[in-house]
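Below: one structure, written as C-alpha cells.
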Amino acid sequence: MNNYLDNLNSEQRKAATHIEGPIMVIAGAGSGKTRVLTYRIAHLLKQGVSAFNILSLTFTNKAAKEMQNRIEEIVGESKAINLWMGTFHSTFSKILRFESERLNYPTNFTIYDTDDSKSLIKTIIKELGLDKEIYKPSFIRNKISSLKNNFITVEKYKNSLELNQQDKIAKRTDFGKIYQIYTKRCEKAAAMDFDDLLLKTYQLLENHSDILLKYQKKFKYILIDEYQDTNHIQYLIIKKLAALNENICIVGDDAQSIYAFRGANIQNILNFKIDYPDYTTCKLEQNYRSTSTIVNAANSIIKHNEKQIKKVVWTKNKTGDKILITNTSSDNDEGRLVANTIIEIQKQNQENYKNFAILYRTNAQSRALEESLRKRNISYKIYGGISFYQRKEIKDLLAYYRLCINPNDEEAFKRIINYPTRGIGTTTIQNLNIAANRYEKSIWEIINNLDDIDIKINQGTKNKIQEFATMINNFIINATQKNAYHTAEEIAKETGVFNKLYTDKSPEGVSKFENIQELLNGIKDFEKNADLGSNKLADFMQDVALLTDQDEETKYDTNKVTLMTVHAAKGLEFPYVFVVGLEENLFPSMMSGENQESLEEERRLFYVAITRAKIRLFLSYAKTRFKWGQFTESKMSRFLNELDEEYIEKQEIFLEKKDYKPYKIYPKVKLVKTKSYSNNLKSIPSKKLTKVNTVENTEIGRNTLNKIRNGMEVKHNKFGKGKVLNISGEGSNKKATVFFNGIGQKNLLLKFARLEILS
DNA sequence: ACCTCAAACATTTTT
DNA sequence: TGTTTGAGGT
C-alpha cells in the first residue's frame with residue numbers, strides 16, 4: 001500500500017501534516033485546497049487523534065459530504081464516523097439544539113428562512129403603522145442581518161449614539177423599535193433566523209463558561225475552509241473555540257472573497273496573524289486545474305485589484321486554447337451561441353454534457369439560456385433560483401409540519417391558517433394578532449383558549465378556528481408517536497392539501513402535485529435511512545431550512561449541463577465553462593457602481609468565474625438585453641479590457657434571424673482581427689465554433705471523409721489508434737464505427753472526428 | 001370572506 | 001417578462 005501522502009506536493013504536504021499549532025494556508029484557485037483539507041484530517045486520524053475531537057467547517061453541506069467520503073476511503077469508515085463536518089450554520093444549529101435549554105429555547109426551535117424573516121418584518125411594520133416606502137422589509141431585514149453578523153444586539157444598538165444618529169439622518173428613527181420587536185417575536189415563536197444561529201452560538205459560549213470549556217475540550221482540532229468568506233461573528237466564535245488548544249487550520253484565498261455583501265471580512269485573515277503570533281503559513285500556488293492560458297488570464301485580471309495578499313499562481317499544465325470572447329446582438333442570441341457551441345464541442349470531442357457549465361452574474365439571466373438549451377434538446381440542471389424547498393406548494397406543506405413541531409411558529413401559522421381556505425379571513429387573523437400582542441402570547445395559545453379571551457370574533461368563525469386547533473393538536477400527538485412518513489402523509493391528506501392539488505389538472509397544478517409527492521418520497525427515504533430513535537417528522541424538519549438544492553442528491557442529473565450563478569460555482573470546476581453577460585451594469589453589477597471596494601469584489605467574482613474552467617473558457621456579452629420587459633442597450637464589461645490580449649481571441653457573431661430550426665442556426669462566424677490575433681497567427685489553433693473551421697473543411701477532414709474504408713487503421717487524437725469496423729450514412733452524415741485499443745467501440749461522425757488514416 | 005382582474009413592481013450575489 | 005398587490009364585484 002502506498003503512503004497516502006504521496007499524492008501531495010511538498011507545500012501541500014506541509015499543510016496537511018503540520019498538525020500542532022495555528023496554521024494559515026493561502027491557497028490559490030485550483031491548487032488542491034480540498035485535497036489538503038482531506039489529507040490533513042486523514043493524517044490526524046492516522047496519528048491517533050479521535051474523530052470526536054475534530055471540527056471541520058466547510059462552505060456547503062455538499063462539500064462536507066464529499067470530504068467525509070474521501071476521508072473514509074483513506075482511513076476506513078469506522079474511524080471517520082464521529083467527525084463534525086458541515087457548514088457554520090448546520091454545525092452550530094446542532095450545538096444550539098443540544099444546549100437549547102440554556103437559551104430558553106425548545107430543542108425543536110424553528111429556523112426562519114429569509115422569506116419568513118421578511119414576512120415577519122412586514123407584519124411588524126404594518127402593526128406599527130409605518131410607511132413601507134421608508135421602511136422597506138427587505139432593506140430592514142438586510143440591516144438587521146448585518147447588525148447581528150457584527151455582533152450588535154438590540155441593546156448595543158439602542159446604546160449606540162452613532163447608529164441612532166444615522167437613523168435620524170435617514171429619517172428611519174423607528175428602526176430600533178422594529179429590531180427590538182422582531183427579536184422578541186422570534187423568541188416568542190421559538191424561532192431563530194439564519195443570523196441567530198451564529199449570534200446565539202456566540203452568546204451561548206460567552207455566557208456559559210462550562211459550555212465553552214466543554215466544546216473547547218471536544219474540538220481539539222479545528223479546520224476552516226473558505227476562511228476569506230467568514231464574517232465577524234463567525235470569527236468571534238472560532239476565536240473562542242480555538243482559544244484553549246490553538247490547533248486551528250484556516251484555508252482561504254483572498255482573491256476569491258466574494259461574500260462581503262453578507263458581512264464577509266478579509267480582515268479576518270489579517271487578524272489571524274495577530275491572534276496567533278506563532279502561526280505557520282503555507283502558500284499553495286501551483287494550479288493543477290486549468291490550462292496555463294486560463295491561469296495567466298486570471299492573473300492578468302486579479303492584478304488590477306489593489307487589495308490583495310501577494311502570491312503567484314502558476315501551472316505546469318499545457319498552454320491550451322485561447323479564451324474566446326464573443327459579442328452577440330441580444331441575450332437570446334447569446335443563449336443560442338452557447339447552445340450551438342455545446343453541441344459542436346459535444347460532437348467533435350464526444351464530450352458529456354456534464355462537462356459544461358454556464359455561469360452568470362444574476363439568476364434572472366438563466367431564462368434565455370434555458371430556452372436555447374431546451375430548443376436544442378440539451379438536458380441541463382439549474383442550481384439556485386427557486387430551489388425545491390422555496391416552492392410555494394412545498395413551503396405550504398412544510399408550514400403544517402413546522403406547526404406540528406413548534407406550534408408557536410408564527411410564520412408557519414400565518415401561511416396555513418386559511419390554506420386550503422376554511423373561512424378564516426384576514427380580519428379574523430388581524431383580530432387574533434391584536435389579541436396575541438395584547439396578552440403577550442403566541443397566536444397558537446390564543447386560539448387554544450378562545451373562550452377565556454376577550455376577542456371580537458363571531459361564533460361561526462370561532463367554531464372554525466377551534467376545529468383547526470383540534471386538527472393540529474391531533475397531528476402534534478401523532479408526530480411524536482408515529483414515524484415521519486406516516487405523519488407527513490396523514491397531514492397532507494387530512495388538511496386537504498393533497499386533494500386540492502390533485503383535483504387541479506392545470507399544468508401548474510399537476511407539477512405542484514408531483515412536487516408534493518417528491519417531498520413525501522424524500523421523507524420516506526429519510527425515514528428508511530434514519531436511526532431508530534430519530535426517524536420522526538421533527539428529525540426530518542431539523543435541517544430543512546438549511547438545505548440548498550446543491551445539497552440534494554444528484555440521482556437524476558447524471559449527465560447534464562450545469563447552469564448557476566458565479567457565487568454558486570465557488571469551489572467547483574468544469575472542463576468547459578461559459579461566462580455570459582459580461583456587460584457593464586450586469587457584471588460588474590449595477591449596484592457596485594463606481595465604488596472601489598465593491599468593484600474589487602466584482603473583479604474577484606470574475607476571477608472566480610474564469611478559474612472554474614479546466615480546458616476551455618468562453619466569454620460573451622450582448623449588445624441588447626431584455627430587462628424588466630424592455631430592451632436595454634449594454635456596453636462591454638470593463639473586465640474584458642483588463643484581460644491580457646495574449647490570451648484572448650475576439651469574434652463577432654451574426655446569427656440568422658429568429659429561425660430556430662436546428663439545421664439553420666449554426667452561427668455564421670466572422671473573425672474580427674485583433675492585435676493579438678493578427679500578430680500571432682501561428683499560435684495554437686483553437687477549436688473554433690465555426691462552420692468554416694469544422695473538420696470537414698480541413699485537409700485531414702476531407703481526406704478522412706472521402707477516403708475512409710472498412711478495415712483501415714486510424715488514429716484519433718483522444719482515443720488513439722483503432723480499426724474501422726463499419727461505415728454508414730452519406731455526405732456530411734457519414735459515420736464510422738471504430739474499435740479503439742483499450743477503449744472499445746465508438747460511433748464517430750466523420751464531419752467532426754479528427755481521424756488520421758494510418759494504413 | 002373570497003374571487004378576479006388590472007396595475008404596479010421588480011432583479012445582485014446566499015447560509 | 002412574471003409576480004405580487006389592491007380595488008371592486010359577488
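Note that these values count all heavy atoms, side chains included, but never hydrogens, waters or copies made by symmetry. Lettering of chains follows the sequences in order, A, B, ..., and the numbering in each one begins at 1.
- By the salt bridge (Lys or Arg N to Asp or Glu O under 4.0 Å) test, A/K635 is found to be paired with no residue, residues two or more places apart in sequence or in another chain being considered.
- In this structure, A/K148 reaches neither bases nor backbone, as no heavy-atom distance under 4.0 Å exists between it and the strands shown.
- Under 4.0 angstrom from either OP1 or OP2 of B/dT15 there lies no side-chain N or O belonging to A/N61.
- Rounding to whole angstrom units, NE2 of residue A/H89 and C1' of B/dT15 are separated by 4 Å.
- One atom, CD of A/Q430, and another, C1' of B/dA1, lie 13 Å apart when rounded to the nearest Å.
- For A/K200, the salt bridge (Lys or Arg N to Asp or Glu O under 4.0 Å) test picks out A/E187, with sequence neighbours left out.
- When rounded to the nearest whole Å, the span between CD of A/E226 and P of B/dT15 equals 12 Å.
- Counting non-hydrogen atoms under 4.0 angstrom, A/N418 reaches the backbone sugars and phosphates but no base.
- Partners of A/D539 according to the side chain to side chain contact (heavy atoms under 4.5 Å, CB included) rule, which considers only residues two or more places apart in sequence or in another chain, are A/F526, A/S534, A/K536.
- Of all nucleotides in DNA chain C, those with any atom nearer than 4.0 Å to a heavy atom of chain A start and finish, going 5' to 3', at C/dT1 to C/dG6.
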Measure all distances between protein nitrogen or oxygen atoms and nitrogen or oxygen atoms of nucleotides 10-13 of chain B, and list the pairs falling under 3.5 Å.
residue : atom : partner : partner atom : Å
B/dT12  : O2   : A/R361  : NH1          : 2.6
B/dT12  : O2   : A/R361  : NH2          : 2.2
B/dT13  : OP1  : A/N363  : N            : 2.8
B/dT13  : OP1  : A/N363  : ND2          : 3.3
B/dT13  : O4'  : A/R361  : NH2          : 3.2
B/dT13  : O2   : A/R361  : NH2          : 2.6

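- In this structure A/Q365 satisfies the side chain to side chain contact (heavy atoms under 4.5 Å, CB included) test together with A/Y360, A/R361, A/T362, A/V580, A/L586, A/R625, sequence neighbours excluded.
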Protein-nucleic acid N or O pairs under 3.5 Å, nucleotides 6-8 of chain B:
none

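- What separates CD1 of A/I417 from C1' of B/dA1 is a distance of 14 Å, to the nearest Å.
- Residue A/I424 contributes atom CD1, which lies 11 Å from atom C1' of B/dA1 at whole-angstrom precision.
- For the pair A/K392 and A/Y419, the cation-pi test (distance below 6.0 Å, angle within 45°) is passed.
- Residues forming a salt bridge (Lys or Arg N to Asp or Glu O under 4.0 Å) with A/K395 (at least two apart in sequence, or on another chain): A/D113, A/D115.
- Cation-pi contact between A/R604 and A/Y607: absent, since separation from the ring centre below 6.0 Å together with deviation from the ring axis within 45° is not met.
- Taking atom CZ of A/F59 as the reference point, atom C1' of B/dT15 lies 7 Å away to the nearest angstrom.
- Using C1' as the reference atom, B/dT12 and C/dT5 are 24 Å apart when rounded to the nearest Å.
- Judged as a ring pair (Phe, Tyr, Trp, His ring centres under 6.0 Å), and not counting sequence neighbours, the contacts of A/F587 are A/F606.
- Separation of the C1' atoms belonging to B/dT11 and C/dG6 is 23 Å when rounded to the nearest angstrom.
- If you check every strand for non-hydrogen atoms under 4.0 Å, A/T428 touches sugar and phosphate atoms only.
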Determine all donor-acceptor pairs shorter than 3.5 Å in which one atom belongs to a side chain in residues 424-435 of chain A; sequence neighbours excluded.
residue : atom : partner : partner atom : Å
A/N431  : ND2  : A/T427  : O            : 3.4
A/N431  : ND2  : A/K456  : O            : 3.3
A/N433  : ND2  : A/E127  : OE2          : 3.0

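- Scanning for side chain to side chain contact (heavy atoms under 4.5 Å, CB included) contacts around A/T114 gives A/K118, A/R141, A/F194, with sequence neighbours left out.
- Legend: residues meeting salt bridge (Lys or Arg N to Asp or Glu O under 4.0 Å) with A/D116, ordered by chain and number and at least two apart, are A/R402.
- If A/F88 and A/G423 are placed on DNA chain B by their nearest nucleotide, the residue sitting closer to the 5' end is A/G423.
- Note: NZ (A/K570) to P (B/dT15) measures 10 Å, nearest angstrom.
- Geometrically, A/K381 engages A/Y383 in a cation-pi contact, judged by NZ or CZ lying under 6.0 Å from the ring centre and within 45° of the ring axis.
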